[in-house]
Asker: 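Submitted below is the structure of interest, expressed as structure tokens.
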Amino acid sequence: MRSLIAMYQRIGLVPLIIISLVLGVLIGWLAPSIGIAIGLLGTLFVGALKAVAPILVFILVMAAISQHRSGNEVYVKPVLIMYMFGTFLAALTAVGASFLFPTDLVLVNADIAQVPPADLKEVLTNLLMNLVANPVNAIAEANYIGILAWAIIIGFALRQASDTARNVVGDFADAISQVVKWIIALAPFGILGLVASTVAETGFASLAGYARILMVLISCMLFIALVANPIIVFVKTGKNPYPLVFRCLRESGITAFFTRSSAANIPVNMNLARKLGLHEDTYSVTIPLGATINMAGAAITINVLTLAAAHTLGIEVSFASALLLSLVATISACGASGVAGGSLLLIPLAASLFSIPNDIAMQVVAIGFIIGVIQDSAETALNSSTDVLFTAAADPTYSR
């Protein structure tokens, strides 16, 4: 057994994930029943990540703040600026692509279980209420805004505690981090199950009817990931951004693509930030915060699908309206939950800017869920990998 574990570790996580991807596609395609059966591995992996992420964020942030001493530099502010600018740039990119490649949608009828927010005020109100949520409920419900708020408050309070108390918190943070490392080490098995079950259940032909809208969405996300984000990083660091960009996409984006949850990918990003040698006081705050507010992929999804609906209905969109849509999408994307499909429920809000009826907007949401196996996966990969990318770019301990 020890020799097998040693061999597993020698191969490395990324090669094993690539092997799992190939095997998952083959199993799901050639033996769908087996693919669906081993989907349990993916469910267990995502469940474990989601279970450990809230307590990991709470303990790490609390420990980092309680042990922080004045004079130790943190770099949260520049990361937040890059988050907001990157999301707005993504929204503008989506508008430009929608004008260049206007798309007609074949509207569908489907029941959507979730209730979308009524307006921008409701989105902002929900964000503020999440700040003061009961801390136990915040952890249980994976409310990361609430988790961050209470972790910061308790962390500051613990600065007045004894060294022994702060050491206990630090030791607990180390223990939780070790649990996360064990879970991440099992990522190849989880991704094998996720890929096999996805291919077995959806196949490849079911998405053909939505090829054009998917092309626009994925092209925008690739442009942000491979052109816009590297430019932002270059401006910040003055160095070649692509080694960092590709590492973040490889070690964070791949798992995020298959878990389809920014929240579930927080432990993966924490582990990557640690390997990059980033400042713990910084990444322990910016990465979980990024899972909530750094939503370039969500802004793209909101704008592309909303403008496609407007084009389908023959609604003329002016430059001023498109700019307003970009601003609304940037703010609304911050309210997108860090779970699969979170951005889709904000489409009715954006559609209301063009007086698109709610029943039509909900049909567009249904289309989003249909193409979500690709759209939401790519969106989450972009969002989550950018969390680490911008955190590293703002941290001189890495960029020097």
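Here, residue 1 is the first one in the sequence, and each next residue gets the next number. We use all heavy atoms of the structure for the numbers below, so side chains are in, but hydrogens, waters and symmetry mates are not.
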Asker: Is any side-chain heavy atom of Phe45 less than 4.5 Å from a side-chain heavy atom of Phe189?
Answerer: no

Asker: Could you state the interatomic distance from OG (Ser284) to NE2 (His279), rounded to the nearest 0.5 Å?
Answerer: 9.5 Å

Asker: Tell me, please, which residues at least two apart from Thr43 pass side-chain hydrogen bond (donor to acceptor under 3.5 Å, both in side chains).
Answerer: none

Asker: Less than 4.5 Å apart, side chain to side chain, heavy atoms only: is that true for Leu276 and Tyr283?
Answerer: no

Asker: Sequence neighbours left out, what passes side-chain hydrogen bond (donor to acceptor under 3.5 Å, both in side chains) with Thr164? Give chain and number order.
Answerer: none

Asker: Looking at Asp387, is its backbone amide N or carbonyl O close enough to the side chain of Thr391 to form a donor-acceptor pair, meaning the two atoms are under 3.5 Å apart?
Answerer: yes

Asker: Mind checking what makes side chain to side chain contact (heavy atoms under 4.5 Å, CB included) contact with Ala228, not counting sequence neighbours?
Answerer: Leu89, Phe223, Ile224

Asker: Below 4.5 Å, heavy atoms only, C-beta onward: do Phe257 and Thr380 meet side chain to side chain?
Answerer: no

Asker: Is the side chain of Ser197 donor-acceptor paired with the backbone N or O of Ile36 at a distance under 3.5 Å, no angle test?
Answerer: no

Asker: Spell out, as yes or no, whether a donor-acceptor pair under 3.5 Å connects the side chain of Asn303 to the backbone of Ala91.
Answerer: yes

Asker: Quick one: ring pair (Phe, Tyr, Trp, His ring centres under 6.0 Å) partners of Phe246, sequence neighbours excluded?
Answerer: Tyr242

Asker: What residues form a side-chain hydrogen bond (donor to acceptor under 3.5 Å, both in side chains) with Ser384, not counting sequence neighbours?
Answerer: Asn265, Asn269

Asker: Within the 4.5 Å heavy-atom criterion, are Leu217 and Ile300 side-chain neighbours or not?
Answerer: yes

Asker: Taking side chain to side chain donor-acceptor pair (under 3.5 Å) as the cut-off, I'd like each qualifying pair that reaches into residues 214-229, sequence neighbours left out, listed once.
Answerer: Asn229-Thr386

